[in-house]
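Here the structure comes first, spelled out in structure tokens, and everything after it is commentary.
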Amino acid sequence: MTEQLKGRETVAIIGAGSVGSTLAQRIVERDLANVVLLDTIEGRPQGVALDLMEARAIEQHDRTVIGTQNYADIAGADIVVITAGRPRTPDMTRDELLGVNAQIVASVTREAIAQAPNATFIAVTNPLDVMTYLIWKVSGLPRQQVMGMAGVLDAARFATFVAMELQASAADVTAMVLGGHGDLMVPIPRYTTVRGIPLPQLLPAEKIAQLLERTRDGGAEIGRLLKTGSAYYAPSSSVAQMVEAILRDRHRTLPAAIPLQGEYGIDDLCMGIPVRLGRNGVEAIVKLDLTDEESKALHSSAESVRAQVQRLPDLGLF
Ligand code: APR
């Protein structure tokens, strides 16, 4: 670890693209940790780091950001966030994306774990649930230290649409979303509340279904508007919330994709479940009482994730 980073908590962000650089900004400006940004593109992480450092005098914090191509610079990091990957282009199938990003995420994980063997790893690269599983397998870490950011984002999107519909504050909405990321998510409206009032008491079922549809399509809706690139403000906010829960030992209950070993009847798979996050990573897995219908939806989401995960052994990555 370089001299500049010594003595303070460090988050390593692998991939200094849109999500990685926005996340770096959120972490230092919230005074959560120092940041090392690593990217294969020469100059990119160094440029982002210098830009963020130049904002320090105005933003009034004294956190350090460094940019690098060298894994030795992330040595001893407390958290490693993996955003490295290729975006899905229109000519690419989901399967092709999986193959490309699996190669990248496996190699990045191998390099990172060698330098930061005690870190907690957070996956951001898509397809999220599969990449989380891959990081777990390749790193050999205990499952408490491996998680994927998806549930916080899906729940935030759902909460936003609920708040917009009810003209309520998004801060008062707590959304419960389980299962795989994006179109595989399994929202649970009766555990979604506005200041404790369950959503089905506030909106008719058809309206809730429309909001859920928009949430499932959340990433794609933004992609269509942006034309090039994909969402990064809400994704980076979501990772920052997880980082804060861990570094500040806040024991927050948040949905995250984690390796399941029999919980909810699902084994050897990563998927979104509410967990309690603190300094040691996943401190507890929250068990919800699900109806038969909800449980069926969760298992069908799990089967879709499993179909993707089953492609991994053929790639020979672990
Ligand atoms: N090592 C390090 N960095 C890499 C590697 C690698 N092997 N391969 C690619 N990268 C870097 C790219 O150079 C790029 O800067 O990862 C970065 C990805 O950034 P963007 O393309 O801007 O993607 P972003 O919008 O940040 O999304 C990152 O999060 O939400 C998901 O689907 C999204 O998988 C994507 C990820």
Side-chain angles (χ1 to χ4, degrees), residues 12-27 35-49 51 66-74 77 80-90 92-116 121-135 138 147-154 156-157 180-185 217-240 242 256-257 272 308 317:
I13 302 174
I14 317 298
S18 306
V19 177
S21 50
T22 317
L23 174 63
Q25 179 190 5
R26 297 198 191 289
I27 290 173
V35 170
V36 182
L37 273 167
L38 187 147
D39 201 291
T40 42
I41 300 176
E42 197 83 28
R44 162 95 201 163
Q46 286 86 349
V48 173
D51 201 3
I66 64 167
T68 186
Q69 271 73 47
N70 184 355
Y71 278 88
D73 291 331
I74 74 157
V80 175
V81 180
I82 299 184
T83 78
R86 289 258 307 277
R88 185 171 161 207
T89 46
M92 224 184 207
T93 65
R94 272 172 198 273
D95 260 10
E96 284 165 342
L97 178 74
L98 188 153
V100 171
N101 280 350
Q103 301 287 351
I104 293 173
V105 167
S107 86
V108 155
T109 302
R110 259 183 233 112
E111 301 265 16
I113 193 75
Q115 298 295 335
F121 278 58
I122 304 178
V124 181
T125 308
N126 277 317
L128 192 276
D129 307 279
V130 186
M131 295 305 140
T132 309
Y133 183 86
L134 184 59
I135 292 169
V138 171
M147 62 197 79
M149 183 291 293
V152 173
L153 175 61
D154 289 330
R157 285 180 170 151
H181 181 37
D183 50 10
L184 297 178
M185 73 174 198
D217 188 51
E221 182 178 4
I222 290 175
R224 286 193 296 275
L225 290 166
L226 293 178
K227 311 271 188 313
T228 56
S230 49
Y232 55 94
Y233 288 112
S236 59
S237 286
S238 305
V239 187
M242 296 169 78
Q308 294 179 299
L317 299 169

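What you see is a predicted model; the values in this text were computed from it and never measured. Each ligand, and each atom within it, is numbered from 1 in the order the structure gives.
- For Gln69 (side chain) and Ile41 (main-chain N/O), a donor-acceptor pair under 3.5 Å exists by modelled atom type.
- Where the criterion is an N or O separation shorter than 3.5 Å, residue side chain and backbone included, Asn126 meets it with respect to ligand 1.
- Nearest protein heavy-atom contact of atom 25 (O) of ligand 1 is Ser18 CB, 3.7 Å.
- Proximity to Val19 (heavy-atom distance under 4.0 Å) selects the following atoms of ligand 1: 24 (P), 25 (O), 26 (O), 27 (O).
- Checked against a 3.5 angstrom limit, the closest N/O atoms of Thr125 and ligand 1 fall outside it.
- Close contacts of ligand 1 with Thr83, meaning ligand atoms under 4.0 Å from a residue heavy atom, involve 18 (C), 28 (C), 36 (C).
- The closest donor-acceptor contact from the side chain of Asp183 to the backbone of Asp217 lies at 3.5 Å or more, if one exists at all.
- Which parts of ligand 1 touch Ile41 is read off a 4.0 Å heavy-atom cut-off, strictly below it: atoms 13 (O).
- Counting heavy atoms under 4.0 Å from ligand 1, residue Leu128 does not touch it at all.
- Looking at Val80 and Ile135, their side chains never come closer than 4.5 Å, going by heavy atoms from C-beta outward.
- Counting only non-hydrogen atoms, the option in Ala123, Gly17, Pro127 that gets closest to atom 19 (O) of ligand 1 is Gly17.
- Between Asp39 and ligand 1, at least one pair of N/O atoms sits closer than 3.5 Å.
- Among protein heavy atoms, the minimum distance from atom 31 (C) of ligand 1 is reached at Val124 O, 3.4 Å.
- The protein heavy-atom contact nearest to atom 7 (N) of ligand 1 is Ile104 CG2, 3.5 Å.
- Judged by distance alone, with hydrogens and angles left aside, the side-chain atoms of Thr83 form a donor-acceptor pair with the main-chain N or O of Ile14 at under 3.5 Å.
- Side-chain contact check for Pro45 versus Leu38: every heavy-atom pair is 4.5 Å or farther apart.
- Closest to atom 21 (O) of ligand 1 by heavy atom, among Gly20, Ser107, Pro87, is Pro87.
- With Ser230, Ala84, Gly229 as candidates, the residue nearest to atom 4 (C) of ligand 1 on a non-hydrogen basis is Ala84.
- Every residue two or more places apart in sequence or in another chain that forms a side-chain hydrogen bond (donor to acceptor under 3.5 Å, both in side chains) with Gln25 is listed here: Glu29.
- For Arg26 (side chain) and Ser238 (main-chain N/O), no donor-acceptor pair under 3.5 Å exists by modelled atom type.
- His181 is listed as a side-chain neighbour of Leu153, based on a closest heavy-atom distance under 4.5 Å.
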